Colleague: 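So that we are looking at the same thing, I have put the structure below in structure tokens.
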Amino acid sequence: MQIKDSTKIKAKSIFGIDTFSTLYYASNDNTFNKKTKDTTITYANFQLGEITTANSFNPLKINLFYKDFNTVVILDNRLAEVFKIDFNTLQNYKNVSFVSTGYDNTLWIFNQDLQQLELYDYKADKIKQKTVPVQSEVLDLKSDYNNCYMLTEKYLYIYNYFGSLIAKYPNIGYKSMAFSKAHLVLKKENKLFLLSKNSDEIKPIKHPNLLISQFLVTNETLYIYHDETLRQYQLKLQ
């Protein structure tokens, strides 16, 4: 796999890259950054501590999840705060361990106490869909408007936006994943694997033998972040 480009960047966590190469990341002081070619804008909420995850799939409704405070903040494309969900103060308290983007004003949330995935409408404060509880620990959660991918220690589950299970694969050692439109990339040790949208086969990705601190996928481009360098590769199977 040939390297297309590389960028030096000092980031605590890289959360997303869009097709225009806009980069979304957290710096070491837990500030959230949106970096374009010309400018960088930031959002900080130090009262909520560390940003656990951030989803920039919908750049008009970016969601930041602060797990330690059981809180999600929704930002617009200028990183202004437009909504805040404190799950501790809801009438139906929720202990949330994972958050990802849904359609309209919804989020996919994993309810730790009930061990189930829920599609939550944060404006209406209402659960629109919920899945059957899972029996093993959840490792990662990724989604777009149509599908939600949940990786547990035993299985990879794929749900549609009605919360119906459409596919299930045994987990043979995958620990995390990245997702973009047609491609789901899974990581096992220091190897990456690809599940394409119209395929039911998980195939190894040929990539350079370098340590992978973080990885992302945008369309046909795979990004690998390590040692303050973000490397860009054309996505290719072995």
Side-chain angles (χ1 to χ4, degrees), residues 11-20 22-27 29-36 39-131 138 140-150 159-163 178-181 216 218:
K12 189 174 188 176
S13 300
I14 293 182
F15 296 118
I17 301 161
D18 68 16
T19 45
F20 305 106
T22 304
L23 190 60
Y24 300 87
Y25 66 97
S27 39
D29 64 353
N30 286 312
T31 299
F32 182 73
N33 302 265
K34 177 183 177 181
K35 179 180 169 60
T36 62
T39 59
T40 300
I41 56 175
T42 63
Y43 168 84
N45 194 325
F46 299 122
Q47 292 166 308
L48 294 174
E50 195 170 320
I51 303 166
T52 310
T53 55
N55 284 281
S56 55
F57 170 72
N58 179 349
L60 303 175
K61 289 178 184 171
I62 300 161
N63 58 70
L64 310 187
F65 177 44
Y66 297 86
K67 188 179 176 183
D68 291 347
F69 284 81
N70 207 21
T71 296
V72 174
V73 173
I74 311 284
L75 307 175
D76 66 12
N77 62 340
R78 302 296 307 156
L79 302 193
E81 196 175 301
V82 289
F83 213 87
K84 186 176 171 187
I85 309 133
D86 182 347
F87 292 108
N88 303 302
T89 60
L90 296 183
Q91 199 166 8
N92 295 314
Y93 164 82
K94 294 179 190 306
N95 178 16
V96 174
S97 55
F98 288 89
V99 172
S100 198
T101 304
Y103 61 86
D104 295 338
N105 299 311
T106 65
L107 297 169
W108 287 103
I109 61 173
F110 188 74
N111 187 321
Q112 188 70 31
D113 293 340
L114 300 177
Q115 285 290 295
Q116 69 187 17
L117 186 63
E118 299 174 346
L119 185 64
Y120 174 66
D121 184 326
Y122 55 86
K123 286 205 168 165
D125 183 20
K126 187 174 147 191
I127 299 296
K128 296 196 110 172
Q129 313 292 345
K130 58 188 173 190
T131 67
V138 176
D140 207 351
L141 187 70
K142 295 285 186 282
S143 62
D144 61 7
Y145 296 137
N146 299 313
N147 296 111
C148 186
Y149 298 80
M150 184 167 71
Y159 301 95
N160 64 16
Y161 64 91
F162 295 118
F179 172 65
S180 168
K181 289 183 183 171
L216 303 121
T218 303

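Computed from heavy atoms alone, side chains included, the values below leave out hydrogens, waters and symmetry copies. A quick note: this is a predicted structure, and the numbers were derived from the prediction, not measured.
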Colleague: In Å and rounded to the nearest 0.5 Å, what is the CG to CG distance from Leu75 to Asn55?
Modeller: 11.5 Å
Colleague: Spell out, as yes or no, whether a donor-acceptor pair under 3.5 Å connects the side chain of Thr218 to the backbone of Ile17.
Modeller: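 It does hold such a pair.
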Colleague: Heavy-atom distance under 4.5 Å between the side chains of Val96 and Phe65, does that happen here?
Modeller: yes
Colleague: Is the side chain of Ser56 donor-acceptor paired with the backbone N or O of Pro59 at a distance under 3.5 Å, no angle test?
Modeller: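 No; judged by distance alone, with no hydrogens or angles, the pair does not exist.
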Colleague: Asn33 side chain to Tyr25 main-chain N or O, any donor-acceptor pair under 3.5 Å?
Modeller: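 Such a contact is found between Asn33 side chain and Tyr25 backbone.
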Colleague: Short question: side chain of Ser143, backbone of Thr101 - any donor-acceptor pair under 3.5 Å?
Modeller: yes
Colleague: Before giving the answer on side-chain contact (heavy atoms from CB on, under 4.5 Å), spell out for Asn147 and Phe179 the whole-Å C-alpha distance, their side-chain angles and the decisive distance to 0.1 Å.
Modeller: CA-CA 11 Å; Asn147 296 111; Phe179 172 65; 5.5 Å; no
Colleague: Taking it one step at a time, do Asn45 and Tyr66 satisfy side-chain contact (heavy atoms from CB on, under 4.5 Å)?
Modeller: CA-CA 10 Å; Asn45 194 325; Tyr66 297 86; 3.9 Å; yes
Colleague: Could you state the interatomic distance from OG (Ser27) to NZ (Lys35), rounded to the nearest 0.5 Å?
Modeller: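 If I round to the nearest 0.5 Å, the distance is 12.0 Å.
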Colleague: Only one of Asn105, Asp76, Thr106 passes side chain to side chain donor-acceptor pair (under 3.5 Å) with Lys61; say which it is.
Modeller: Asn105
Colleague: Going by the angle between their ring planes, with limits at 30° and 60°, are Phe83 and Tyr122 parallel, tilted or perpendicular?
Modeller: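 Ring orientation of Phe83 relative to Tyr122: tilted.
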Colleague: Short question: side chain of Lys34, backbone of Asn77 - any donor-acceptor pair under 3.5 Å?
Modeller: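 Checking the backbone N and O of Asn77 against the side chain of Lys34, a donor-acceptor pair under 3.5 Å is found.
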Colleague: How many angstroms lie between CG in Leu117 and OH in Tyr159, if you round to the nearest 0.5 Å?
Modeller: 6.0 Å
Colleague: Among Lys94, Lys130, Lys126, find the one that has a salt bridge (Lys or Arg N to Asp or Glu O under 4.0 Å) with Glu118.
Modeller: Lys94
Colleague: Return the minimal non-hydrogen interatomic distance between Ala11 and Ile14, and the atom names on each side.
Modeller: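 In this case the closest contact between Ala11 and Ile14 is CB-CG1, 3.8 Å.
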Colleague: First locate atom CD1 of Ile109, then atom CD of Gln116, and finally report the distance between them rounded to the nearest 0.5 Å.
Modeller: 9.5 Å
Colleague: Between Glu81 and Val73, which heavy-atom pair has the shortest distance, and what is it?
Modeller: CG-CG1, 3.5 Å
Colleague: Determine, for Asp140 against Lys142, whether the closest basic-nitrogen to carboxylate-oxygen distance falls under 4.0 angstrom.
Modeller: yes
Colleague: Does Asn92, at its CG atom, have more than 12 non-hydrogen atoms belonging to other residues, nucleotides or ligands within less than 6.0 Å?
Modeller: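 No, not enclosed.
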Colleague: Identify the two heavy atoms, one from Thr31 and one from Ala44, that lie closest to each other, and give their separation to 0.1 Å.
Modeller: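 What the structure gives for the nearest pair is OG1-CB, 4.1 Å.
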Colleague: With side-chain contact (heavy atoms from CB on, under 4.5 Å) as the criterion, how do Phe110 and Gln115 come out once you've worked through the C-alpha distance, each side chain's angles and the decisive distance to 0.1 Å?
Modeller: CA-CA 7 Å; Phe110 188 74; Gln115 285 290 295; 3.8 Å; yes
Colleague: As an exercise, state the distance from NZ of Lys128 to CG of Leu107, rounded to the nearest 0.5 Å.
Modeller: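 Interatomic distance, Lys128 NZ to Leu107 CG, rounded to 0.5 Å: 12.0 Å.
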Colleague: Walk me through whether Tyr103 and Asp144 qualify under side chain to side chain donor-acceptor pair (under 3.5 Å).
Modeller: CA-CA 8 Å; Tyr103 61 86; Asp144 61 7; over 6 Å; no
Colleague: Shortest non-hydrogen contact from Phe69 to Asp86?
Modeller: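 Closest approach of Phe69 to Asp86, heavy atoms only: O-OD1, 4.1 Å.
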Colleague: Minimum heavy-atom separation for Leu48 to Lys84, with atom names?
Modeller: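 Closest approach of Leu48 to Lys84, heavy atoms only: CD1-CE, 4.4 Å.
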Colleague: Kindly give the heavy-atom pair with the smallest separation between Asn63 and Ser100, and that separation in Å.
Modeller: ND2-C, 4.4 Å
Colleague: Rounded to the nearest 0.5 Å, how far apart are CZ of Phe32 and CD1 of Ile51?
Modeller: 6.5 Å
Colleague: Is Phe162 atom CZ crowded by more than 12 heavy atoms from other residues, nucleotides or ligands, each under 6.0 Å away?
Modeller: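 Not buried by this count: 12 neighbours or fewer within 6.0 Å.
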Colleague: Go through it in stages, so that I can follow the logic: the residues are Tyr120 and Ile85, the test is side-chain contact (heavy atoms from CB on, under 4.5 Å), and I'd like the CA-CA distance, side-chain angles, deciding distance and then a yes or no.
Modeller: CA-CA 11 Å; Tyr120 174 66; Ile85 309 133; 4.0 Å; yes
Colleague: For Asn146 and Tyr161, indicate whether the former's side chain and the latter's backbone hold a donor-acceptor pair under 3.5 Å.
Modeller: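 Checking the backbone N and O of Tyr161 against the side chain of Asn146, no donor-acceptor pair under 3.5 Å is found.
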Colleague: Return yes when atom OH of Tyr93 has more than 12 non-hydrogen atoms of other residues, nucleotides or ligands closer than 6.0 Å, and no otherwise.
Modeller: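 Correct, the count exceeds 12.
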Colleague: Hey, do the aromatic rings of Phe57 and Tyr145 have their centres closer than 6.0 Å?
Modeller: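 Ring-ring flag for Phe57/Tyr145: true, centres closer than 6.0 Å.
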